[in-house]
Amino acid sequence: MKISESWRLAGIISGEVRFQAFLEANPSNLARVKEDPAKISRAIKSQSRISIVMTGFILILIAVISLAASAFDNEIGSPDARLAVGFAVYLTLSFVVVFFLNLTTTSGLFSSGAMRLPSTLPLTREQVEQLNFLSFVRIFIGPVALSLILFPVGCLILFGPLVALVSLIACASTVSIAIGALIRVAKWFHKKTHQTDESRISSMVRVAASIGIVIGMISVYSLGSYMPDLMRFIINLSVDVGPGVFTILALVFPFSFGFMAASAAFGSLIPLTTILASIAGTAFYTVIAVLSFRSSGRSLRAVTLGGISTSKQGLLREVAVDIVSPLRSMVRKDLKLATRNIGSAFIFAIPIFLIIMLFPMLQYWRGPFGFLRSMSALTAIEYANLFGGISLVSILMFDTQGASVHEGLPVSSKLVLRTKTVIMIVPYIFCMLALDLVILINSPISPLLLLIPIVQMPYGYVIGMAVGGAVFKIRGGGRAVAVNVTSDQAMGFVSAFVGALIGIVPLVGYGLTILYTGSQILSLATQGLIVLVMIVASWRFIPKLLKD
Amino acid sequence: MSAVNIKNLVKSFGELVAVNDLTLDVREGEIYALLGPNGAGKTTTIKMLMGLLDPDSGNASVFGINSQENPVEVKNLVGYVPEEQQLYDSLTPRELFDFIASIRKLSQEKITKRMREFVKALDFEQYYDNMIVTLSQGNKQKTMLIAALLHRPKLLILDEPFSSLDVRSAKIMKDIVKIHAENGGSVLLSTHVMEVAEGLCDRVGIIDEGVLVAEGTLDELRTQSQREGATLEVLFLKLTEQEEEVAEGVSVLREALSD
């Protein structure tokens, strides 16, 4: 088979891989694909384009920032230290970008079984392997090509051909090691999220892995703002501890490449021991990268042709049924569903996402006096209320999978709403705790400000019931329904709006009381009283709006 | 008391009248088959009976309990296997059965014993801890059947229950349906498999374009259509006025295949 024909077929296979990754990323996608295949096809194409543009944008951003800081920011440190550390920071961050932004697609590669059909066609094993390799290349070609071009070209312009050559070897090695790690972790993650071991430890591993990946993805998008600080921190470390730190760092990936480049550009400024350490480190990690490239190829072939075994070895477990209360069983089922794909696990990362978003805003709100006032704390909580509404509607997505099961079960809409609310309260409470921490860090005007999120915590129940009740009323005429937020974005907006609207009630009570009395204690008492009244009201009246 | 009582049921979706003034009864201890071409209104009827859809007019009840007024109580009495198998793909059958048995508040000891029997009879042990997404269509069907039978329902409603089962499992399931009826339980099943309806059911209702065109035992249907000794398939085609359509289709296909 000609390489051009293989390349074309690999395009079809990589398209299928992206399609499967899209389905895997969120349970609602499985339902959406049946509802509107044309729409989902458009969504995949647009998601793929957005992913390429985002990866490109982030790689350009970190390349420009690290090169600019290395070449021009005299405040950070000496030129050799800046180049060595800037180089290493870029390589670390490009590793993170290649790794996290491609994790779901790589998992899709394992679950798609896309190579099964070609392997049944009259093709030789070599041809199937070539197809397999080219499919993988087509998935990663964008970020890999960008990584191999951008930084070396920048180095060529700013530091000359020798540094550009080192940067090309460094970027190629980093990409190779990143893809090797990606294949291994994606394989492990796929196995963990599809394994059915019921032990608590296994569930915790799944939750931790899901949250870790979501946080990784979020942090990738905020890399640019942390880079110069990161460089300054590493350079200051050598000033504080001593120049020996650089020699040790020169042995560590990816600093070896950084010090190798700095030696090429500013050899006279760097001690001989550091230069020797960087040569040894560069040689060692280049060999590791070559080995990683080879073993990735083998691993990829084995995985895509043979699949990943997620079933347990050994004896079959005893058949038994574990009965708990209906509410607990629904919560247990939802948590299992949530921890078996990255899209659903996002609700657990909402507090972290909220804090990443609010932290710079709260710092700004401190203003010239350097104190955080009640109004800022109330505004931050209102953001959490809005996120609470979004959390609840995200939880409603879990049930898009099990329609056939729900249709036959004697489950009242009230029980469904209470279950979803119970789950939603957990991230809401974590949001309040995280807000407390952020308020504490930002010098609150009074320690009593820390009590506003604490008093608000039980209000998660009201927000959950109100948002769920509104969604059930609008979409199900009062019956419990599953909602695909990705296809039904109107419900996403409604949920955020209801969450914010209902959530603001106790905060307005607090605000008005402090305006009239100036007393934090009276304001907190008003807030608490409103919270209590609203809990009782939502417990009594919202179920009456529902229908079975 | 009838197990199922459907009276003058009407349901429209825009211009389309899916169920048109349908009236039928399923007696206690009876196996009743609802037959009809695709889009005849069988599934819509079943969904209204389960309280999943509100009728435009008329009513449906299960053992005297109105499906629209008290759907939760109806679901307590019914074991339901819908036509589409939208299960929780990321759960295992074990996790799914734990969930269903907990919702139905079943006794742990009794249900564990019953589950072991089902699993053994349906040769399901090796799939019990595999994620549902990895199961074949037949094993997903078995999962739904076990889930429907878990609570010993008084009425089984099966929408195309045998379509994906292997020979052994289909035979076992047919026997289960028979045993269920012998023990006083009732069964309402919709099927396209004429042999199943012919060999298993006490009475058959034929529905076309939302209207019940014929109802009765096989002999009663033969009398109605004036076709003595005819199979249910022939009777079905005659009563739904599809005989000529089928003959024409076969003739076109014969030509296409001989080219």
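Here the structure is a predicted model, which is why all the values come from computation and not from measurement. A, B, ... follow the sequence lines: proteins, then strands. Residue 1 opens every chain.
Heavy atoms of B:Lys47 lying under 4.5 Å from chain A belong exclusively to its side chain. Proximity to chain A is limited to the side chain of B:Tyr128, based on heavy atoms less than 4.5 angstrom apart. Within the 4.5 angstrom heavy-atom criterion, no atom of B:Ala147 approaches chain A. Looking at B:Ile157, neither its backbone nor its side chain comes within 4.5 Å of chain A, counting heavy atoms on both sides. With a 4.5 angstrom heavy-atom cutoff, B:Met115 touches chain A via backbone and side-chain atoms both.
Side chains of B:Asp159 and B:Thr43: a donor-acceptor N/O pair is present below 3.5 angstrom, by distance only. Remark: the A:Ser412 side chain and the A:Asp548 side chain contain no N/O donor-acceptor pair separated by less than 3.5 Å. Under the 3.5 Å distance criterion, with hydrogens and angles disregarded, a donor-acceptor pair is assigned to the side chains of B:Asp25 and B:Ser2.
Put simply, of B:Thr143, B:Leu77, B:Leu150, B:Asp54, the one with the most heavy-atom pairs under 4.5 Å next to chain A is B:Asp54. Put simply, of B:Tyr80, B:Phe97, B:Tyr88, the one with the most heavy-atom pairs under 4.5 Å next to chain A is B:Tyr88. Heavy-atom pairs under 4.5 Å with chain A peak, among B:Asn70, B:Leu96, B:Val74, B:Asn76, at B:Asn76. Interface summary for chain B: among A:Val411, A:Val405, A:Leu327, the most heavy-atom pairs under 4.5 angstrom belong to A:Val405. Chosen from B:Lys105, B:Arg104, B:Gln68, the residue pairing most often with chain A at heavy-atom distances under 4.5 Å is B:Arg104. When the candidates B:Gly51, B:Pro82, B:Ser107, B:Ala148 are compared by the number of heavy-atom contacts under 4.5 Å with chain A, B:Pro82 comes out ahead.
Salt-bridge annotation for B:Glu182 and B:Lys178: absent, with no side-chain N of the basic residue lying under 4.0 Å from a carboxylate O of the acidic one. Using a 4.0 Å cut-off between charged side-chain N and carboxylate O, A:Lys333 and B:Glu95 make no salt bridge. Electrostatic pairing of A:Asp322 and A:Arg332 counts as a salt bridge here, judged by a charged N lying under 4.0 Å from a carboxylate O. The pair A:Glu318-B:Arg116 meets the salt-bridge criterion, since a charged nitrogen lies less than 4.0 angstrom from a carboxylate oxygen. Checked for salt-bridge contact, B:Lys171 and B:Asp175 meet the test: a charged N lies under 4.0 Å from a carboxylate O.
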